[in-house]
> 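Quick one: the structure is below, questions incoming.
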Amino acid sequence: MALLLWQTLKEAIHAYTGLSPVVFFTALALALSIYQVVSGWFASPFDDVRRHQRARSSAAEEAPPIPQPVQVGEITEEELKQYDGSDPQKPLLMAIKHQIYDVTQSRMFYGPGGPYALFAGKDASRALAKMSFEEKDLTWDISGLGPFELEALQDWEYKFKSKYATVGTVKVTVSEAETASVSEPAETDDGDAHVIKQEPTVVDKNLETPAESDVKNE
């Protein structure tokens with residue numbers, strides 16, 4: 001049966017095209033290849049959009065769901081370091097002005113390899129205010145900052161409060177607070193710096209000089 005169909009197909013190809021089956025199928029394969037190449041040149045830009053959407057949807061399906069924020073309460077800075085993103089089973093936390101925020105949903109920014117990864121697991125208020133990536137600025141101590149830096153820090157705080165859940169606070173020891181709150185010397189006017197107050201001398205009228213005593217005796 002199959003042999004009969006093949007014989008009929010060969011006769012039909014030769015009758016309608018005048019070509020042998022080998023030449024016919026070779027030409028057909030070549031025509032299909034040329035069509036694929038040419039159609040790729042004139043592909044619709046929406047095809048790329050659809051491909052990206054399919055890739056994004058498949059990636060979203062494969063990615064694990066973001067867990068709900070968990071309250072950690074009042075913890076120390078050492079305990080906060082455990083939530084720097086190195087353990088994928090733990091939430092990703094960072095703090096501003098002692099308030100701890102859950103930034104797990106922005107792991108691409110604050111997680112390992114992200115542009116702000118060094119802020120994770122820390123209260124980096126000073127670094128955020130100065131937009132600094134130096135190790136010495138990764139601290140909550142904001143003493144000595146200028147008005148523009150404090151305003152920048154306030155903008156960061158507003159952003160975090162509106163976007164992320166507050167899950168706790170950072171406990172600051174008494175010694176650290178005293179170190180950060182070093183009082184500045186009071187300013188004095190240079191003109192008054194060398195003024196010496198002299199107390200008025202009170203003379204006792206009952207005291208008499210030797211000369212006056214001699215005159216009375218005479």
Side-chain angles (χ1 to χ4, degrees), residues 45 47-185:
D47 293 340
D48 293 336
V49 176
R50 295 191 191 96
R51 281 196 294 270
H52 287 302
Q53 288 177 345
R54 287 194 294 268
R56 193 182 301 114
S57 60
S58 61
E61 293 175 357
E62 294 175 0
I66 299 175
Q68 292 297 321
V70 179
Q71 296 293 325
V72 295
E74 187 180 34
I75 59 177
T76 63
E77 288 187 282
E78 286 298 321
E79 292 172 329
L80 181 60
K81 292 179 181 179
Q82 301 175 10
Y83 302 94
D84 61 354
S86 56
D87 186 353
Q89 302 300 324
K90 292 183 179 180
L92 185 61
L93 307 180
M94 65 176 291
I96 298 178
K97 295 170 67 173
H98 308 312
Q99 296 295 316
I100 303 174
Y101 300 93
D102 188 330
V103 296
T104 306
Q105 60 180 330
S106 298
R107 186 176 290 273
M108 65 179 64
F109 295 106
Y110 301 101
Y116 303 117
L118 73 167
F119 299 149
K122 302 181 184 68
D123 186 339
S125 299
R126 189 178 191 87
L128 291 173
K130 299 175 64 177
M131 283 308 298
S132 169
F133 293 92
E134 296 185 15
E135 187 71 25
K136 64 179 182 179
D137 291 324
L138 297 176
T139 176
W140 54 267
D141 181 13
I142 58 174
S143 60
L145 295 180
F148 293 106
E149 293 169 330
L150 293 175
E151 184 177 356
L153 179 60
Q154 191 175 38
D155 291 340
W156 277 103
E157 187 176 13
Y158 286 158
K159 174 186 175 183
F160 271 61
K161 283 184 177 180
S162 61
K163 187 174 182 179
Y164 305 114
T166 305
V167 295
T169 56
V170 180
K171 182 191 299 183
V172 180
T173 61
V174 177
S175 60
E176 291 176 341
E178 291 177 350
T179 303
S181 60
V182 177
S183 59
E184 297 181 356

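Throughout, residue positions are numbered sequentially from 1 according to the sequence presented.
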> Is it true that a side-chain atom of Q71 and a backbone atom of T166 form a donor plus acceptor pair closer than 3.5 Å?
yes

> Looking at V167 and P69, what are the two nearest heavy atoms and their distance?
CG1-CB, 4.0 Å

> Check whether the side chains of S106 and Y116 place a donor and an acceptor atom closer than 3.5 Å, and report yes or no.
no

> If you apply the rule side chain to side chain contact (heavy atoms under 4.5 Å, CB included), what do you find for I75 with K171, and how did you get there?
CA-CA 6 Å; I75 59 177; K171 182 191 299 183; over 6 Å; no

> Hey, what do you get for CG (D155) to CG (L128), rounding to the nearest 0.5 Å?
11.5 Å

> Within the 4.5 Å heavy-atom criterion, are K97 and L153 side-chain neighbours or not?
yes

> Flag the pair K161 and E157 as a salt bridge only when some basic side-chain nitrogen lies within less than 4.0 angstrom of an acidic carboxylate oxygen.
yes

> Check whether any side-chain N or O of D137 sits under 3.5 Å from a backbone N or O of R126 as a donor-acceptor pair, and report yes or no.
no

> About how many Å separate OH of Y110 and CG of L118, when rounded to the nearest 0.5 Å?
11.0 Å

> Could you give me the CA-CA distance, side-chain angles and deciding distance for F109 and V103, then say whether side chain to side chain contact (heavy atoms under 4.5 Å, CB included) is met?
CA-CA 9 Å; F109 295 106; V103 296; over 6 Å; no

> Once rounded to the nearest 0.5 Å, what's the spacing between atom CD of E78 and atom NZ of K81?
4.0 Å

> Any side-chain heavy atom of W140 within less than 4.5 Å of one from V170?
no

> Nearest 0.5 Å please: distance from the CG atom of L80 over to the CE atom of M94.
9.5 Å

> Give a yes or no on whether the backbone of P91 and the side-chain of T104 come within a donor-acceptor separation of less than 3.5 Å.
no

> What pair of heavy atoms forms the shortest contact from L145 to I142, and how long is it?
CG-O, 3.3 Å

> Looking only at heavy atoms, which two atoms of P112 and S86 are closest? And how far apart?
CG-N, 4.3 Å

> Report the distance from atom CD of Q99 to atom CG of D123, rounding to the nearest 0.5 Å.
9.5 Å

> Drop me the distance from E79's CD to L93's CG, to the nearest 0.5 angstrom.
12.0 Å

> Heavy-atom distance under 4.5 Å between the side chains of Y83 and V72, does that happen here?
yes

> Compare every heavy atom of K163 with every heavy atom of Q105, then report the nearest pair and how far apart it is.
NE2-O, 3.2 Å

> Does any non-hydrogen side-chain atom of W156 lie less than 4.5 Å from one of M131?
yes

> Please find the pair of heavy atoms, one from R107 and one from G85, that lie closest to each other, and give the distance.
NH1-O, 3.7 Å

